[in-house]
Amino acid sequence: TGTLNIGFATAPTITTLTATASGNTVNYTALGFNCKVTSYHHLILSGGSSPTCSVTSVAGDLTVNGTGLLTTTSSITVGGTTTVGNGRTLSNGSAFTFISPTITAIGTGQFTNSGIVTVSTSLDGSGLFSNGATGTLNIGFASAPTITPLTATASGNIVNYTAAAP
């Protein structure tokens with residue numbers, strides 16, 4: 001276990017990066033960085049600008065800090081909590097599926113959805129979750145989402161509650 005900080009903008013050119021062991025964390029810190037396409041246990045995207053990150057699997061937590069916009073360029077499954085930090089926007093593109101048990105947006109953090117987002121445990125925080133016109137939000141827990149605000153008013157968007165009522 002440990003943390004690997006990567007502070008350069010280009011994706012690591014090593015052939016293999018194995019970061020899936022429990023407790024391993026990779027933190028990309030550069031401006032406008034490119035992620036190594038591999039599976040991660042914990043992944044932190046703390047650099048600024050608009051990074052390119054085609055990661056499809058994070059077994060633990062995904063944390064998006066810094067400033068700027070991160071747009072998904074692939075479908076992604078997160079096994080732990082996805083946190084969108086103050087000043088950052090995480091945008092799920094229209095062709096992609098984003099699965100995470102818990103999504104938290106902090107302060108001015110925003111999660112915008114134009115594809116499919118599935119949340120099974122909690123959708124919370126003081127940031128914004130916005131379900132766009134082409135977005136589908138699947139909520140798999142019985143309690144009401146506590147994120148403030150939750151915007152799902154765009155014509156054509158879909159919100160599915162898939163859990164039994166408490």
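These numbers come from the heavy atoms of this one structure, side chains and all, not from hydrogens, waters or symmetry mates. Quick note: residue numbers are just sequence positions, from 1.
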Is Val55 reachable from Leu4 through a run of hydrophobic residues whose side-chain heavy atoms are each under 4.5 Å from the next?
yes
Beyond-backbone contact of Leu128 with Pro149, side-chain heavy atoms, under 4.5 angstrom
yes
Which value, rounded to the nearest 0.5 Å, describes the distance between Thr16 atom OG1 and Lys36 atom NZ?
7.0 Å
Look up atom OG1 in Thr151 and atom CG in Asn131, then write down how far apart they are to the nearest 0.5 Å.
9.5 Å
Closest approach of Pro51 and Leu69, non-hydrogen atoms and distance?
CD-O, 3.5 Å
Of all heavy-atom pairs between Ser120 and Phe141, which one has the smallest distance, and what is that distance?
O-CB, 3.5 Å
Same apolar cluster (I L V M F W Y, side chains within < 4.5 Å links), Phe111/Val159
yes
Taking atom types as modelled and ignoring hydrogens, do the side chains of Thr112 and Ser91 form a donor-acceptor contact shorter than 3.5 angstrom?
yes
Consider only side-chain N and O atoms of Ser46 and Asn27, and report whether a donor and an acceptor are under 3.5 Å apart.
yes
Cluster check Val78, Leu123: I/L/V/M/F/W/Y, side chain < 4.5 angstrom:
yes
Looking only at non-hydrogen atoms, find the nearest pair between Thr3 and Asn5 and report the distance.
CG2-OD1, 3.8 Å
Minimum heavy-atom distance between Phe8 and Phe33, given as atom pair plus value
O-CB, 4.1 Å
Looking only at heavy atoms, the pair that brings Gly132 and Asn157 closest together is O-CB, 2.9 Å
Inter-residue atom distance Leu70.CG - Leu90.CG, 0.5 Å rounding
5.5 Å
Looking at OG of Ser114 and CG of Asn92, how far apart are the two atoms once the value is rounded to the nearest 0.5 Å?
7.5 Å
Separation of Ile147 CD1 from Thr104 OG1 (nearest 0.5 Å):
7.5 Å
Look up atom CG in Leu62 and atom OG in Ser100, then write down how far apart they are to the nearest 0.5 Å.
7.5 Å
If two hydrophobic side chains count as joined below 4.5 Å and joins carry through other members, does Val119 share a cluster with Tyr161?
yes
For a quick test of reading the model, state the closest non-hydrogen atom pair linking Tyr28 to Leu17 and the distance between them.
OH-CD2, 4.4 Å
Worked check of side chain to side chain donor-acceptor pair (under 3.5 Å) between Ser74 and Ser54
CA-CA 5 Å; Ser74 60; Ser54 299; 5.0 Å; no
